[in-house]
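Please read these numbers as outputs of a predicted model, since none were measured by experiment. By convention in this document, chain letters (A, B, ...) are assigned in the order of the sequence lines, proteins followed by strands, and residues within each chain are numbered from 1.
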Protein chains: 2
Amino acid sequence: MPQPPAPRKTPGRPPRISREEVVGTARRIVDSEGVARLTMRRLAAEIGSTPMALYHHVRNKEELLVLLLDDYAARTLHRPGLPAEPRERVVVCAAAIHEALAACPWIVEVLTADDLLSTSALWFVEQIVDGLVACGLPPERAVHGYRAIWYYTAGEIVVRTTAGRRRADDGRPTYREQVFDGLDGDELPRLAQVAGRWQELTAEDTYLHGLRALVDGLLTPR
Amino acid sequence: MPQPPAPRKTPGRPPRISREEVVGTARRIVDSEGVARLTMRRLAAEIGSTPMALYHHVRNKEELLVLLLDDYAARTLHRPGLPAEPRERVVVCAAAIHEALAACPWIVEVLTADDLLSTSALWFVEQIVDGLVACGLPPERAVHGYRAIWYYTAGEIVVRTTAGRRRADDGRPTYREQVFDGLDGDELPRLAQVAGRWQELTAEDTYLHGLRALVDGLLTPR
DNA sequence: GGTACTTTTCTTACATGTATAGAAACTCGC
DNA sequence: GCGAGTTTCTATACATGTAAGAAAAGTACC
């Protein structure tokens, strides 16, 4: 006995598209053509609807991106094996989040959003907080510690990817890059000393090193 | 003998507006009406020109904002008295940058830019790098340390202000805020434990605490 | 003065996110 | 079947950043 399209009970015009369809189609566009191609008009056309219809399933484009990020996290954020040492657990979980985010740089505009991502990321947050507690922090301090780790992680991603994007835009010197040229070696000796290697030095991936330092510092009683 | 407008030597149509005028007028608009009111059309009207004319003095709106930020930094970033202890010098300088940035939240869209801000901020960078070196780090590690501090600082500002803005937009629950509601206390006990106080805990200003932890961690030999 | 060249400015046009107003397609009580 | 109410969808319109190209206003050389 196949109930055809399942009898609806709710009043009002029945929806022709769903939030899932919106997000799923958006994901397909982003995956295949890049986030720049994801416009509300394009998305609506792909779905076979009109741009404004999307706004009944998504508050605005930013929320759509947040949903995309959550969707992405749910699919690619796999739980790592946890080391016994709680401090190392914290590091491993933060690094896992970082790695997943670094792999999809279009996230930047969303990353600024809030602290925790999708429900699938909550497990990682739990592990981090729990690891900090296991190392002796009271729960409140552990939450603060998690926040510090998140600030550091989000900041790293945001700064790095936008710096990279800027360089990609058009080859030539952004205003900021000229700042090292007329450097006064008397007043700023340290910077003058490393000026030539600045690009190279700041291009290195030191996320893990900084993360370890932060975690160590959070866990060392003052 | 007043040389009227100083004889020009360069060929081409003489400019009627200058980059300084563009930035200065933009600053006045932002100061008096907020960054949301700063549009290229509005700015052009204020200057008495056309929108596209601005693009000969500024690469695009983002660069204009970067220039605004630098202008702001040059005016409000005052050098603090430096403590003798080099580690404390690092903390004081980072905190000064953080304080200046936190005071003008419209910066967020620019903050993602790069690492160092205006030339007027270079002094702070110098002090931080020098402080780390004075504590025993080799110069390369000191630069990496500065970067870590910058990631943490920028991340804190970006995450906090956009989270705040989102709440201000419209009162009601963003998708993200509902994530704590259906929390599984068995699988995520720590989060369940603090769920009720999450808003309150993450609202606290713990920048300095995290900064100290990071600096301590950077300076502790492993 | 006239021609070539350069730099700045102006005009026009387009893609984008989204506000607003109303039409369309349902359920429910009668 | 019919009006009331509700939800979803559509049409239209606007503000914004900015690309493209033409026009303007100079200098340099003849």
Side-chain angles (χ1 to χ4, degrees), chain A residues 3-23 25-26 29-30 33-68 106 109-110 113 165-166 169-170 174, chain B residues 3-23 25-26 29-30 33-68 106 109-110 162 165-166 169-170 174:
Chain A
Q3 302 277 84
R8 293 172 40 78
K9 309 298 276 180
T10 58
R13 178 173 177 168
R16 284 156 65 137
I17 60 182
S18 68
R19 186 185 185 120
E20 288 70 35
E21 191 179 358
V22 171
V23 175
T25 309
I29 294 177
V30 169
E33 308 182 36
V35 72
R37 280 287 171 62
L38 180 67
T39 70
M40 300 305 270
R41 285 170 168 80
R42 172 73 204 283
L43 179 54
E46 198 87 1
I47 286 188
S49 183
T50 60
M52 291 312 291
L54 305 176
Y55 286 82
H56 262 262
H57 306 270
V58 149
R59 188 185 305 239
N60 48 34
K61 190 176 180 183
E62 185 174 333
E63 183 176 275
L64 172 61
L65 289 174
V66 171
L67 290 168
L68 266 184
W106 57 268
E109 16 231 330
V110 193
R165 165 166 28 168
R166 188 156 318 193
D169 263 5
D170 41 8
T174 71
Chain B
Q3 300 280 84
R8 292 171 40 79
K9 308 298 275 182
T10 59
R13 177 171 177 170
R16 281 155 69 135
I17 60 181
S18 67
R19 189 186 183 115
E20 288 70 35
E21 190 180 358
V22 171
V23 175
T25 310
I29 294 177
V30 169
E33 307 180 36
V35 72
R37 281 286 172 62
L38 180 67
T39 71
M40 300 305 271
R41 286 170 167 80
R42 172 73 206 284
L43 179 53
E46 198 87 2
I47 285 188
S49 182
T50 60
M52 291 312 291
L54 305 176
Y55 285 81
H56 262 261
H57 306 270
V58 151
R59 188 186 305 240
N60 48 33
K61 189 176 180 183
E62 186 174 332
E63 183 178 275
L64 172 62
L65 290 174
V66 171
L67 290 169
L68 267 184
W106 57 267
E109 15 230 332
V110 193
T162 48
R165 166 166 28 166
R166 188 155 318 193
D169 263 6
D170 42 6
T174 72

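For the atom pair CZ (B:R59) and CG (B:L64), the distance works out to 13.0 Å, reported to the nearest 0.5 Å. Between B:N60 atom CG and B:M40 atom CE the span is 7.5 Å, to the nearest 0.5 Å. In this structure, CG on A:L38 lies 5.0 Å from NZ on A:K61, to the nearest 0.5 angstrom.
Among the nucleotides D:dT18, D:dC9, C:dT9, the one closest to any side-chain atom of B:I17 is C:dT9. Checking D:dC9, D:dA24, D:dT18 against the side-chain heavy atoms of B:R13 singles out D:dA24 as nearest. Closest to the B:Y55 side chain, of the nucleotides C:dT27, C:dT18, D:dT18, is D:dT18.
Listed pair B:T39 / D:dA15 fails the phosphate criterion, with no side-chain N or O lying under 4.0 Å from OP1 or OP2. At the phosphate of C:dT9, OP1 or OP2 sits under 4.0 Å from a side-chain N or O atom of B:H57. Taking only side-chain nitrogens and oxygens, A:T10 never comes nearer than 4.0 Å to OP1 or OP2 of C:dT27.
Heavy atoms of A:R41 sit under 4.0 angstrom from at least one base atom. In this structure, B:T50 reaches the bases: a heavy-atom distance under 4.0 Å links it to at least one base atom across the strands shown. Nucleic acid contact class of A:L38 (heavy atoms, under 4.0 Å, all strands): sugar-phosphate only.
Atom P of nucleotide D:dC9 and atom CD of A:E21 are separated by 10 Å, given to the nearest angstrom. The distance between atom CZ of B:R59 and atom C1' of D:dG17, rounded to the nearest whole Å, is 16 Å. With rounding to whole Å, A:L43 atom CG is found 12 Å from C:dT16 atom P. The NE2-C1' distance, from A:H56 to C:dA21, rounds to 12 Å in whole Å. Following rounding to the nearest Å, A:E63 (CD) and C:dG17 (C1') show an atom-to-atom distance of 15 Å. Between the CG atom of A:L54 and the P atom of D:dA11 there is a distance of 14 Å, given to the nearest Å. Counting to the nearest Å, the P atom of D:dT8 and the CE atom of A:M52 are 14 Å from each other. Distance CZ (B:R37) to P (D:dG17): 13 Å, rounded to an integer number of Å.
Between A:H57 and A:P15, the shortest heavy-atom distance links the atoms CE1-CB, 4.4 Å.
If you find the closest nucleotide of DNA chain D to B:K61 and to B:R16, the one lying nearer the 5' end belongs to B:K61.
Using a 4.5 Å heavy-atom cutoff, the side chains of B:T39 and B:I29 are not in contact.
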